[in-house]
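Single-structure report; data block below.
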Amino acid sequence: MWRRVASLSSSISSSFLAQTASRLNTWESLTTGIAQQAKGVIAPKEKTPFITFVLGGPGSGKGTQCIKIVETFGFAHLSAGDLLRREIASKSADGAMILNTIKEGKIVPSQVTVKLIQKEMELSDNHKFLIDGFPRTEENRVSFEQIIGVEPNVVLFFDCPEEEMVKRVLNRNEGRVDDNLETIKKRLTVFQALSLPVINYYSEKGKLYTIKAIGTEDEIFEQVRPIFAAFEKRPSL
Ligand SMILES: Nc1ncnc2c1ncn2[C@@H]1O[C@H](COP(=O)(O)OP(=O)(O)OP(=O)(O)O)[C@@H](O)[C@H]1O
Ligand SMILES: O=c1ccn([C@@H]2O[C@H](COP(=O)(O)O)[C@@H](O)[C@H]2O)c(=O)[nH]1
Ligand SMILES: [Mg+2]
């Protein structure tokens with residue numbers, strides 16, 4: 001259970017709670033603080049989070065494969081792009097800025113995206129997270145590590161030829177403002193310049209699993225399946 005618990009002992013004063021809450025750093029709000037548990041302030045977190053970053057160019061099939069991973073391995077799917085589109089739809093204060101950034105194929109400031117991911121993680125009852133389409137830049141990566149305070153256990157990279165990605169995006173037909181040739185070209189440039197260094201970083205750390213993202217959806221999933229099947233055998237997952 002990742003949620004913070006609101007119903008607390010009546011013997012604890014609200015000022016004590018406020019002080020305690022302000023002292024908790026972000027990750028402490030996601031993980032178990034033994035001392036706080038003993039005081040009954042936070043609900044026990046049964047398991048350590050297991051975080052997978054799902055990376056790849058636009059249209060490489062990240063979202064499609066995440067659905068299969070959720071069905072097969074029971075992860076919570078947090079698509080950074082979907083969270084940002086939800087902000088636009090809800091007309092939040094950042095909505096207009098996010099819309100312009102997405103139309104331009106650029107990257108939304110890290111703090112905005114990490115805050116949205118953090119909120120979803122806190123609300124989730126799951127401890128296994130697929131973070132789809134994030135981090136897209138080194139700055140995103142560092143910001144996640146600083147704010148959330150953990151590194152991913154696994155990083156998947158859906159490696160797909162550009163020609164195939166363009167074809168898939170232009171055929172997607174979901175009404176996305178960035179599914180047009182002009183924006184796709186910009187997104188591909190951003191991917192090469194800013195996202196590939198993140199992928200290389202995780203490769204050097206030995207956390208990267210590269211999937212050849214061509215073929216049918218099922219064929220691609222057969223490359224993904226053994227990765228999580230192996231982790232399932234470990235107590236950490
Ligand atoms: N293996 C595949 N073969 C053909 N089409 C595919 C395959 N996988 C996904 N698609 C289709 O390609 C399109 C893009 O896939 P998807 O939305 O999963 O990509 P994505 O990596 O999440 O892209 P984005 O970064 O733009 O969100 C979708 O219409 C999807 O149905
Ligand atoms: O971490 C992120 C994720 C996404 N964006 C912006 O959203 C679009 C669409 O993202 P998808 O993952 O393809 O749905 C992306 O091109 C960026 O403009 C972002 O800024 N940061
Ligand atoms: Mg997607």
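Whatever order the structure lists ligands and atoms in, that order sets their numbers, starting from 1.
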To which protein heavy atom is [atom] closest, and what is the distance rounded to 0.1 Å?
atom	value
atom 8 (N) of ligand 1	Glu217 CG, 3.7 Å
atom 18 (O) of ligand 1	Thr64 OG1, 2.5 Å
atom 1 (N) of ligand 1	Gly215 O, 2.9 Å
atom 20 (P) of ligand 1	Lys62 N, 3.5 Å
atom 22 (O) of ligand 1	Gly63 N, 3.0 Å

Pick from Arg168, Lys167, Arg187: the one approaching atom 7 (C) of ligand 1 most closely through a non-hydrogen atom: Arg168

Of the listed options Met165, Arg172, Glu219, Glu174, closest to atom 17 (O) of ligand 1 (non-hydrogen atoms):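 Answer by nearest heavy atom: Arg172.
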
Side chain to side chain contact (heavy atoms under 4.5 Å, CB included), paired with Leu130, selected from Val70, Leu78, Val154, Ile67: Val70

Any Cys66 heavy atom less than 4.0 Å to ligand 1: no

Atom CD of Glu151: over 12 foreign heavy atoms under 6.0 Å: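 Result for CD/Glu151: enclosed.
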
Lys128 to Phe50, cation-pi by 6.0 Å centre distance and 45° axis angle: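 Lys128 over Phe50 ring: no.
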
Which atoms of ligand 1 have any heavy atom of [X] under 4.0 Å away?
X	value
Pro58	25 (O), 26 (O)
Ile220	1 (N)
Thr216	1 (N)
Arg176	24 (P), 26 (O), 27 (O)

Pair Glu163 + Lys167, salt bridge at N-O below 4.0 Å: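 A salt bridge is absent here (no side-chain N lies under 4.0 Å from a carboxylate O).
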
is_close_aromatic(Phe73, Phe231), centroid dist under 6.0 Å: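 So the answer is no for these two rings.
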
List below, pair by pair, the N or O atoms of ligand 2 and of the protein that are less than 3.5 Å apart, including the distance to 0.1 Å; reply 'none' if no pair qualifies.
residue: ligand 2; atom: 1 (O); partner: Gly133; partner atom: O; Å: 3.4
residue: ligand 2; atom: 12 (O); partner: Arg136; partner atom: NH1; Å: 3.0
residue: ligand 2; atom: 12 (O); partner: Arg136; partner atom: NH2; Å: 3.4
residue: ligand 2; atom: 13 (O); partner: Arg136; partner atom: NH2; Å: 3.3
residue: ligand 2; atom: 13 (O); partner: Arg176; partner atom: NH2; Å: 3.1
residue: ligand 2; atom: 13 (O); partner: Arg187; partner atom: NH2; Å: 2.5
residue: ligand 2; atom: 14 (O); partner: Arg85; partner atom: NH1; Å: 3.1
residue: ligand 2; atom: 14 (O); partner: Arg85; partner atom: NH2; Å: 2.8
residue: ligand 2; atom: 14 (O); partner: Arg176; partner atom: NH1; Å: 3.3
residue: ligand 2; atom: 14 (O); partner: Arg176; partner atom: NH2; Å: 3.3
residue: ligand 2; atom: 16 (O); partner: Arg187; partner atom: NE; Å: 3.1
residue: ligand 2; atom: 18 (O); partner: Lys106; partner atom: O; Å: 2.6
residue: ligand 2; atom: 20 (O); partner: Val108; partner atom: N; Å: 2.7

